[in-house]
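Okay, so here's the structure we're looking at.
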Amino acid sequence: MRIVSLFVLLVLGKVACIFIPPDRAIKRINGVSLVNPPRPIESLAMQQLHRINADWVAVIPYGFSRAGQGSVSSDHSQQWWGERTEGSCMLIQYAKENDLKVMVKPHVWIAAEGWCGNFNLTTEALWQQWETDFRKYIINHAKKADSLSVEIFCIGTEYRIPARERPEFWKSLIQDIRKVYDGKLTYASNWDNYENITWWDKLDYIGVDAYFPLTNRDDPTIDQIKEGWVPVKKRLKAFSQKWDKLILFTEFGFQSVNGAVGKHWEVEKSPESINFQLQADAYEATFQSLENESWWAGGFFWKWHLMMRSSSYFRMEWTPQNKPAEQIIARWYAKKE
């Protein structure tokens with residue numbers, strides 16, 4: 001009888017494990033994507049993040065490529081201080097000194113184009129060069145991240161075409177990173193590309209830059225924005241269950257202009273289009289929509305300037321600093337789990 005009972009317990013234990021959601025090794029992440037400053041700063045500057053109750057920062061060292069070319073380079077003398085290896089390492093140290101956890105998120109900028117989402121090459125020789133250079137760039141920052149006890153390392157950002165079409169490269173890159181870095185790994189996929197990636201099983205988090213178009217209204221209400229999250233949440237939950245991984249918003253956020261909750265890349269930026277309340281409502285609707293979702297690991301809103309000059313440019317841009325959205329974020333980030 002005892003043997004039968006033990007067998008039943010073991011079977012039930014296995015069944016129970018199937019239905020337990022992925023363990024949250026790290027509690028929900030209340031994160032900020034930093035604009036790495038152009039000039040050196042002091043550790044004290046990092047304290048401003050405590051006013052919004054953030055407990056994580058994303059440090060973003062930049063690399064550079066050109067359209068149609070396979071080279072990836074970084075640490076140029078003309079680069080901003082915080083975007084070079086030296087500066088990004090100092091920012092990591094400052095974050096640690098101020099009790100902030102860190103995700104390092106290398107990002108490649110395409111000269112004269114910007115976004116790497118459409119980056120593509122025409123020959124295998126160029127792809128081989130890109131893989132060699134990109135691997136060197138990423139491994140350099142992975143080693144630095146490990147030496148500074150960084151909690152999460154993001155292996156790349158928004159490379160839609162190579163992420164989809166060259167999976168073996170990414171699998172081998174992940175293997176190489178794990179040889180030199182001991183923390184959690186993710187990849188920052190664009191909101192319209194995460195479902196095309198076939199190697200999420202090799203990572204610890206599914207990373208999504210979550211700029212989902214939620215409504216086509218210029219100035220929607222909180223309830224209308226929440227309605228837009230309903231189908232998105234359904235897809236994300238199913239995807240999390242498919243891979244048995246939590247989903248981390250490696251970026252999310254809203255500009256402070258009309259239309260910012262729709263196709264953000266199409267919004268008109270003019271003094272007449274400024275809408276601080278919409279940005280605040282978009283964050284409120286987002287946190288209300290996601291707070292009880294067990295698949296959501298949290299995220300890093302875009303973005304925060306450690307050195308912020310007074311300019312009308314920032315009134316229309318992503319940062320919530322000195323806008324109503326800042327208080328919305330502070331209130332939700334105060335809800336520690």
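Taking every heavy atom of both residues into account, L126 and G68 meet most closely at CD1-O, 3.7 Å. When all heavy atoms of I222 and E284 are compared, the pair lying nearest together is CD1-CG, 3.8 Å.
Within the hydrophobic cluster formed by Ile, Leu, Val, Met, Phe, Trp and Tyr side chains joined at under 4.5 Å, directly or through other members, W80 is accompanied by V35.
Using a 4.0 Å cut-off between charged nitrogen and carboxylate oxygen, D146 and K143 do not count as a salt-bridge pair. Salt-bridge check for E293 with R28: failed, with every basic side-chain N at 4.0 Å or more from each acidic carboxylate O. Using a 4.0 Å cut-off between charged side-chain N and carboxylate O, K171 and E168 make a salt bridge. Note on E317 versus K269: salt bridge recorded, some NZ/NE/NH1/NH2 to OD/OE distance being below 4.0 Å.
Neither side chain, W56 nor E151, offers a donor N or O lying under 3.5 Å from an acceptor on the other.
S172 meets the side chain to side chain donor-acceptor pair (under 3.5 Å) test with R135; sequence neighbours excluded. F276 pairs by the ring pair (Phe, Tyr, Trp, His ring centres under 6.0 Å) definition with nothing, not counting sequence neighbours. Residues satisfying the side chain to side chain donor-acceptor pair (under 3.5 Å) criterion with Q129, sequence neighbours excluded, are absent altogether. Residues satisfying the ring pair (Phe, Tyr, Trp, His ring centres under 6.0 Å) criterion with Y187, sequence neighbours excluded, are W170, W199. For D219, the side chain to side chain donor-acceptor pair (under 3.5 Å) criterion is met by N275, not counting sequence neighbours. Not a single ring pair (Phe, Tyr, Trp, His ring centres under 6.0 Å) links W229 to another residue, sequence neighbours left out. For T186, the side chain to side chain donor-acceptor pair (under 3.5 Å) test picks out no residue, with sequence neighbours left out. Every residue two or more places apart in sequence or in another chain that forms a ring pair (Phe, Tyr, Trp, His ring centres under 6.0 Å) with Y159 is listed here: F119, W130, F134.
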Per-pair distances, 0.1 Å, donor-acceptor, side chain in residues 82-93, under 3.5 Å, sequence neighbours excluded:
residue, atom, partner, partner atom, Å
R84, NH1, Q79, O, 2.5
T85, OG1, D75, OD1, 3.1
T85, OG1, D75, OD2, 2.9
T85, OG1, N140, ND2, 3.3
S88, OG, R84, O, 3.1
S88, OG, T85, O, 3.0

Practice item. Please lay out, stage by stage, how D133 and S73 fare under the test side-chain hydrogen bond (donor to acceptor under 3.5 Å, both in side chains). Key: CA-CA 7 Å; D133 283 8; S73 60; over 6 Å; no
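In this structure the side chain of E227 never reaches within 4.5 angstrom of the side chain of T215, judged on heavy atoms.
Pairs of residues two or more places apart, or lying in two chains, that qualify as salt bridge (charged side-chain N to carboxylate O under 4.0 Å, His left out) and include a residue from residues 187-213 are R160-D192, R178-D204. Counting only residues at least two apart or on different chains, no salt bridge (charged side-chain N to carboxylate O under 4.0 Å, His left out) pair has a member in residues 254-268.
Taking the centre of each ring, W296 and F249 come in below the 6.0 Å mark.
Within 6.0 Å of the CH2 atom in W81, the count of heavy atoms belonging to other residues, nucleotides or ligands exceeds 12.
Ring pair F287/Y283 is parallel by interplanar angle, where below 30° counts as parallel and above 60° as perpendicular.
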